[in-house]
J.: 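The structure under discussion is supplied below as C-alpha cells; questions concerning it will follow.
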Amino acid sequence: MHRWSELFIPTLREAPADAEVASHKFLVRAGYIRQLAAGIYSYLFLGNRSFNKIVAIVRQEMDKIGQEFFLPALHPRELWEASGRWALMGDNLFRLKDRKGADMCLGMTEEEVMTEIARKELRSYKQLPQIWYQIAPKFRDEPRPKSGLLRVRQFMMKDAYSFDIDVAGLDVSYKKHYDTYCRIFDRCGLKYMVVEADSGAMGGKESHEFMVRTPAGEDQIVSCDGCNYAANMEKATSKLWPVDDLAAEGDGKPLEVHTPGQKTIEDVAKYLGVSPKNKIKTLALMAEEKDEKTGKTKSRGIVVLMRGDHQLNEAKLNGAVAVATRPMEEGEIKALFKSPAGYLGPVGIEWARDLKKDTHLPVLLVDKALEGRTNLIGGANKEDYHLKNLTPGVNFHPTAYVDLRAVTAGEACPNCGNALRIDPAVEIGHIFKLGDRYTQKMGARVLDKNGKEVTPIMGCYGIGIERILTAAVEQSNDENGFWLPPSIAPFEIVVTPINVKDETLLRAAIDLAAQLEAAGFDVILDDRDERPGVKFKDADLVGIPFRINVGRKVTEGTVEVVLRSTRELRDVTISAVVEHFRGALRAQA
RNA sequence: CGGGGAGUGGCUCAGCCUGGUAGAGCACCUGGUUCGGGACCAGGGGGUCGGAGGUUCAAAUCCUCUCUCCCCGACCA
C-alpha cells in the first residue's frame with residue numbers, strides 16, 4: 001500500500017516564478033516534475049506514475065495494430081545524410097562528435113533508422129504491410145523551449161511507421177492509426193479534435209492532427225460548432241460571399257487613374273469610391289534558397305496578390321513555395337516593379353509560367369479568391385497611379401492560383417455556413433502519409449507479385465506523451481490544483497484519515513484502502529500526521545480525481561467520498577465504497 | 001537570432017536608485033499548545049547575493065565582460 005508519509009511528493013505552496021502556463025505551474029507545484037535546464041525536465045514519483053499509465057494505454061492500443069521496437073537515440077551522420085535531413089534539419093538537430101571525431105546526432109524522429117531496417121530486411125510484398133513503433137525519447141534543440149512540458153528539448157514520443165506495397169495499402173495503415181489514436185485519446189480522457197493538417201514541404205498527401213483546445217496552445221485551429229469541420233490555420237478555408245465586380249470602364253483595357261499620394265488599400269478604395277474587395281493587394285516577397293552544391297544563395301521574387309480586404313497566411317505561402325520568404329527590400333522592389341511601394345501591381349512584368357521551371361523569372365501567386373474576378377483595381381507600377389479594369393488571366397498571367405488567405409473568426413464554415421471559431425490548441429498527435437520520400441532516397445525496395453521491384457510506401461505517426469499529461473492538466477484545473485482522468489492519474493483515490501492519532505480512524509482508513517486496492521483500484525493513503533487542511537489542500541493539488549475522507553462518521557459506518565472536479569461530497573457506507581467506485585470510475589470522473 | 005525581463009537561504013520576494021553588520025514570509029529542526037480546508041507560541045539551523053574581472057578604505061549595491069532562466073517575435077518533418 002502506498003503511504004503518503006513514506007513517499008516523496010514535494011508539493012509547493014507557490015508556483016516557481018518562471019512558470020507561466022497552468023500546466024507548468026501545477027505540475028511543478030504538485031511535485032510531478034522539476035526542471036533541470038531549459039526544456040529539460042525530471043519526472044518525480046507522481047509524474048512518472050501518470051506518465052507510465054499514459055504509456056501503458058498507448059502501448060496497449062498500438063500493440064493491436066503494430067509491433068513495438070526500441071531504437072537507438074544516437075545516430076550516425078551517414079544515416080541522416082542518406083535521407084537528406086542532416087542538412088535540412090539545421091540547428092534543430094542535436095549534433096555531437098564521438099571520440100574519433102565522427103559526427104553523430106540525437107534522433108528527432110526515427111524515419112531513418114526504421115527505413116534502414118526496412119531497406120536491409122524487407123524483400124517481398126509478402127512481408128508487407130508492416131507497422132513498427134516505439135516509445136522512446138526524442139531530442140530537438142528548440143530555439144525557444146517554453147511553457148513547461150509543452151515545448152521541450154527532450155521528450156517522449158510514440159512514433160510509428162508503416163510500410164505498404166502501394167498507396168491503397170497506406171490508406172489502410174493510415175486509417176488504422178487514425179482509429180487507434182481516437183481510442184488512445186478517448187481512454188486518456190481528453191477532449192480532443194481531429195483537424196486536417198498541412199502536410200508541409202515533406203511531400204505527403206494527407207495529414208491529420210489531434211488537438212486539444214487550451215489557451216496555452218501554440219497552434220491555431222479553425223473549427224465549426226455547427227458541423228464537424230476543423231482544420232489547422234495552414235489548411236483552413238471559409239466560404240466567401242459573392243462579390244460584385246466593377247463594370248469595365250472605357251474600352252475595357254487597363255485604364256490608368258491618377259491617385260496622388262494614395263498608397264494603402266483603404267486610401268485608394270476610398271479615393272476611387274470602391275470597396276477594398278475590388279482592389280488587388282500586391283505583396284512583394286523574396287525567397288532565398290541556398291544551393292546545396294555551390295553554397296551560394298539564390299533569391300527569387302515572390303509576388304502575392306490578395307483580395308484587398310484579405311490577409312496572407314504565411315504558412316500557406318510557405319507550403320506553396322516550399323522555401324522561407326521575407327519582405328522585399330526597397331531596392332529589390334524598385335528593381336522588379338520600377339515603382340515605389342504603394343503603387344505595385346502585376347501588369348507589365350514577365351512572370352514565371354511554372355514554379356519549378358523558369359527559375360530565373362519572378363513568381364506571381366494569386367489567391368484563389370481572385371480567380372474569376374474581373375475589373376479589379378491594382379497598382380500601375382508608376383508613382384501616384386493605379387490601374388482599373390484588371391482581370392487575372394487577361395491582363396496578367398499568374399504562375400499559379402493558390403489558396404493563401406488567412407481565415408478569420410466569424411467567417412462562414414465551408415461545409416455548413418456556420419460561423420467559424422479560431423482557438424489556440426496543443427498538438428498531441430499527428431498522422432502523416434509520407435509516401436516514398438525515405439524509402440526512395442534510402443533505397444528500400446521489395447519485389448511485387450509480378451517480380452517487379454517497387455518502393456514501399458510509408459506513413460509516420462506520432463504521439464507526444466508528455467503533451468497528453470499537459471493537455472489533461474490544462475483541460476481540468478482550478479485555483480487549487482488540477483484533476484486528471486482516472487485512467488492517467490497517478491492514483492485514482494486518496495484515502496484521507498482526518499486524524500492519524502485517532503487509532504480508530506487510522507485503522508478504518510487502512511482497511512478501506514486495502515479493500516479498494518484488493519478490488520483493483522490505485523489507492524494512496526494519506527497517513528501523514530498533518531492537520532486536515534494541509535492534507536485537503538495537497539489532495540486538491542496533485543491531480544487525484546477522488547478522495548475519501550475518513551472522519552468521525554466511521555463510528556456510524558460511513559465515510560465521505562469527494563469528487564475533485566466538482567467538489568461534490570457524498571456520504572457512503574463503508575461496505576458500499578468499493579461498489580460506489582466501480583460505478584464512479586466507470587463514469588470516468 | 002532580434003526585443004524585453006529576472007538571477008539574493010529549499011520556495012516567493014524585499015534590499016540595489018543614494019556603497020558601510022545580508023532581511024521578511026513560507027518551508028525545515030527542537031519543545032509545547034492545537035487538530036474538518038495550508039494553526040499558534042518559544043527556540044534553532046541554513047545564503048561564496050549566478051560567475052569572472054574592475055573601481056573603492058569598503059561592493060548584493062557602481063562599471064565591464066560572461067553564464068543561466070523566463071516572456072514576445074523569428075523558428076517549429
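Note that the structure is predicted; figures quoted are calculated from it, not measured. Order of the sequence lines fixes the chain letters, A, B, ..., with proteins taken first and strands second; residue numbering starts at 1 for each chain.
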J.: In terms of side-chain heavy atoms of A:V534, which of B:rA77, B:rA39, B:rU34 is nearest?
T.: B:rA39
J.: Please verify the inter-ring angle class for A:H208 with A:Y178; under 30° counts as parallel, over 60° as perpendicular, anything in between as tilted.
T.: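 Correct class here is perpendicular.
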J.: Taking pairing as Watson-Crick or G-U wobble with both contacts under 3.5 Å, can you name the mate of B:rG53, or confirm there isn't one?
T.: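 B:rG53 is paired, partner B:rC63.
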J.: Relative to each other, are the rings of A:Y32 and A:F482 parallel, tilted or perpendicular (30° and 60° limits)?
T.: perpendicular
J.: Could you give the CE-to-C1' distance, from A:M211 to B:rC76, as a whole number of Å?
T.: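 These atoms are roughly 13 Å apart.
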J.: Quick one: does any side-chain atom of A:Y41 pair with a main-chain N or O of A:V152 as donor and acceptor, under 3.5 Å?
T.: no
J.: Counting heavy atoms from C-beta on, name the nucleotide in B:rG37, B:rU12, B:rG36 closest to the side chain of A:P16.
T.: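 That would be B:rU12.
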J.: Can you tell me the Watson-Crick or wobble partner of B:rU30, both distances under 3.5 angstrom?
T.: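 The answer is B:rA42, by the H-bond criterion.
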J.: Partner lookup for B:rC1, please. Criteria are Watson-Crick or G-U wobble with both distances under 3.5 angstrom; report none if nothing qualifies.
T.: B:rG73
J.: Of all heavy-atom pairs between A:L71 and A:E110, which one has the smallest distance, and what is that distance?
T.: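 Between these two residues, the closest heavy atoms are CB-OE1, 3.7 Å.
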J.: Please walk me through it: do A:E209 and A:N232 pass side chain to side chain donor-acceptor pair (under 3.5 Å)?
T.: CA-CA 8 Å; A:E209 286 171 341; A:N232 194 303; 2.6 Å; yes
J.: Can you tell me the pairing partner of B:rU12 across any strand shown, Watson-Crick or G-U wobble, with both distances under 3.5 angstrom?
T.: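 Paired with B:rU12, as far as the under-3.5 Å criterion goes, is B:rA24.
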J.: Who does B:rU48 pair with, Watson-Crick or G-U, both distances under 3.5 Å?
T.: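 Across any shown strand, B:rU48 pairs with none.
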J.: Between A:I302 and A:M328, what is the shortest heavy-atom contact and its length?
T.: N-CE, 4.4 Å
J.: A:E142 side chain: which of B:rG37, B:rG36, B:rC76 is closest?
T.: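 Looking only at side-chain atoms, A:E142 lies closest to B:rC76.
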J.: What nucleotide among B:rG37, B:rC76, B:rA39 has an atom nearest to a side-chain atom of A:R140?
T.: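 When the side chain of A:R140 is considered, B:rC76 is the closest of B:rG37, B:rC76, B:rA39.
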J.: Could you tell me whether A:E330 atom CD has more than 12 heavy atoms of other residues or ligands within 6.0 Å of it?
T.: no
J.: Could I get a table of every N or O pair under 3.5 Å where one atom is in the protein and the other is in nucleotides 28-31 of chain B?
T.:
none

J.: Base, sugar-phosphate, or nothing for A:N549, non-hydrogen atoms under 4.0 angstrom?
T.: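 Counting heavy atoms under 4.0 Å across all strands, the contact made by A:N549 includes a base.
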J.: When you compare the protein's N or O atoms with those of nucleotides 22-26 of chain B, which come within less than 3.5 Å of each other, and at what distance?
T.:
unit_1 : atom_1 : unit_2 : atom_2 : d
B:rC26 : O2'    : A:R13  : NE     : 3.4

J.: Can a donor-acceptor pair under 3.5 Å be found between the side-chain atoms of A:N499 and the base atoms of B:rG36?
T.: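 Per atom types, no contact qualifies.
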J.: Determine the interatomic distance between P on B:rC13 and the same-named atom on B:rA74; round to the nearest Å.
T.: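 Here B:rC13 and B:rA74 have their P atoms 28 Å from each other.
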J.: Can you check salt bridge (charged side-chain N to carboxylate O under 4.0 Å, His left out) on A:K235 and A:D403, steps first, answer last?
T.: CA-CA 9 Å; A:K235 189 90 182 199; A:D403 174 23; over 6 Å; no
J.: Would you tabulate the nitrogen or oxygen pairs shorter than 3.5 Å linking the protein to nucleotides 69-74 of chain B?
T.:
unit_1 : atom_1 : unit_2 : atom_2 : d
B:rC69 : OP1    : A:A38  : N      : 2.9
B:rC69 : O2'    : A:D18  : OD2    : 3.2
B:rC70 : OP1    : A:Q35  : NE2    : 3.0
B:rC71 : OP1    : A:S147 : N      : 3.3
B:rC72 : OP2    : A:R144 : NH1    : 3.1
B:rC72 : OP2    : A:R144 : NH2    : 2.7

